Amino acid sequence: MSQERKDYIRKLAKERDAVILCHYYCVPDAHDVADYVGDSLGLSQEAARSPQKTIIFLGVHFMAETASVLCPEKTVVLANPEAGCPMADMIEAKDLAARKAETPGVPVLTYVNSPAAVKALSDICCTSANAVAVIKSLPGKKILMTPDRNLAQYVQKFAPDKELLLWPGFCPTHHRVNLKEVLELQKERPRAVTVAHPECQPKILAVADFIGSTSGIIKYCAESEREEFIILTEEGVLYPLRAKNPGKVFLTPRTPMICPNMKKNSLEDVARALETLSPVVKVPEEIRLPALAAVERMMAVPRDNG
Ligand code: 13P
Ligand code: SF4
């Protein structure tokens, strides 16, 4: 039944001239029907690059917005309109405008996990895959980095000549990793390498052997000679990790790391999105153009930290 549904989706995507883009954190069924599975940066690049006139996004709202910002001529459909991002909701344009008024002249660097209206008030964006390179590319000492304070504290270490002003946002899925559980697992499996996403808290990153974006983690595990890995990011990555590395063991802390919003994109949602070409996510021009400037400045900086 499920395979029939997947075949139907693939056939419909072709008929509709649609590309299906999926974030790694979505459910395995979503990976299976996608043309491209990637991290936030990879998905933005693929949205811009793909020739199809319709993009079906399996991810969360800010990702579909970014695709709309980059490709105004394309129809961008978010498979499940309920899929939002609590971290993106921790910053609003009016609050950023107020903070900017308090820190005149300080450039604003905004993580792509944010609303388009916030990007529109920012000088440049970053993802977890290019944050260090983006920080280093900016002139001046002070930078206001929004909304993820954990990512900001992580990249601060690579840019000692900069002073990053923080925003009090975080990803609930990565922020709640429990240090005691990680330490216990490390003790039980002393041969395991611990890999973590920079959205985790500094105390978690302090006990990790490798820190990288979602695609950076996947690449690291594939290239490593080691056989056991403790994975400290959303558990959607386990599907490609296990499929591509059958000889390796991937362990997770006792409390699962699940982003409930990413998991909302079901096969039924994809089928409905293709049948109805809705719900469309379209960023209005007055927000799109300044947001595009910030995203394009980011895309001109090569990624450097995985
Ligand atoms: P990356 O895809 O950039 O690794 O970000 C992780 C994330 O939380 C996406 O919502
Ligand atoms: Fe937002 Fe975190 Fe979910 Fe990514 S994993 S969509 S940052 S809540």
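Please read these numbers as outputs of a predicted model, since none were measured by experiment. Order of appearance sets the numbers: ligands from 1, and atoms from 1 within every ligand.
Electrostatic pairing of Glu46 and Arg49 counts as a salt bridge here, judged by a charged N lying under 4.0 Å from a carboxylate O. Between Glu65 and Lys119 there is no salt bridge, since none of the side-chain N atoms of the basic residue sits less than 4.0 Å from a carboxylate O of the acidic one. Between Glu234 and Lys263, at least one side-chain N (NZ, or NE/NH1/NH2) sits under 4.0 Å from a carboxylate O, which counts as a salt bridge. A salt bridge between Arg272 and Glu268 is absent, with no side-chain N of the basic residue lying under 4.0 Å from a carboxylate O of the acidic one.
Scored by the side chain to side chain contact (heavy atoms under 4.5 Å, CB included) test, Ala88 finds Phe62, Cys85, Pro115 as partners (sequence neighbours excluded).
Close approach of ligand 1 to Tyr111 is summarised as follows: ligand atoms under 4.0 Å from at least one heavy atom of the residue are 5 (O). For ligand 1 and Asn113, the ligand atoms under 4.0 Å from any heavy atom of the residue are 7 (C), 8 (O), 9 (C), 10 (O). For ligand 1 and Glu199, the ligand atoms under 4.0 Å from any heavy atom of the residue are 5 (O), 6 (C), 7 (C), 8 (O). Here is the list of ligand 1 atoms found below 4.0 Å of a heavy atom in Ser40: 1 (P), 2 (O), 3 (O), 5 (O), 9 (C). Contact atoms of ligand 1 toward Tyr25: 6 (C), 7 (C), 8 (O), 9 (C) (distance under 4.0 Å to a heavy atom of the residue). When each atom of ligand 1 is checked for a heavy atom of Met262 under 4.0 Å away, the hits are 10 (O).
Atom CD of residue Glu188 and atom CD1 of residue Ile230 lie 8.5 Å apart, to the nearest 0.5 angstrom. Rounding to the nearest 0.5 Å gives a distance of 8.5 Å between CG of Leu241 and CD1 of Ile217. Rounding to the nearest 0.5 Å places OG of Ser213 at 9.5 Å from NZ of Lys219.
Within 4.0 Å of ligand 2, counting heavy atoms only, the contacting residues are Tyr25, Val60, Cys85, Pro86, Met87, Asn113, Cys171, Glu199, Cys259, Met262.
Between the Arg149 side chain and the Leu166 main chain, no donor and acceptor come within less than 3.5 Å of each other. Side chain of Asn80 to backbone of Lys264: a donor-acceptor contact under 3.5 angstrom is found. Lys162 contributes a side-chain N or O that, together with a main-chain N or O of Gly140, makes up a donor-acceptor pair within less than 3.5 Å.
For the residues Thr214, Ile217, Ile218, the heavy atom positioned nearest atom 4 (O) of ligand 1 is part of Thr214.
Considering backbone and side-chain N/O atoms, Asp39 never comes within less than 3.5 Å of an N/O atom of ligand 1.
Taking the six-membered ring for Trp and thresholds of 30 and 60 degrees, His174 and His197 have ring planes inclined between 30 and 60 degrees apart.
Of the heavy atoms in Met63, only side-chain atoms (C-beta onward) come closer than 4.0 Å to ligand 1. When heavy-atom distances to ligand 1 are checked against a 4.0 Å cut-off, Val112 has no atom that comes that close, whether in backbone or side chain.
Ligand 1 lies less than 4.0 angstrom from a heavy atom belonging to Ser128. Every heavy atom of Met87 sits 4.0 Å or more from the atoms of ligand 1.
Scanning the protein for heavy atoms near atom 2 (O) of ligand 1, the closest one is His23 NE2, 2.7 Å.
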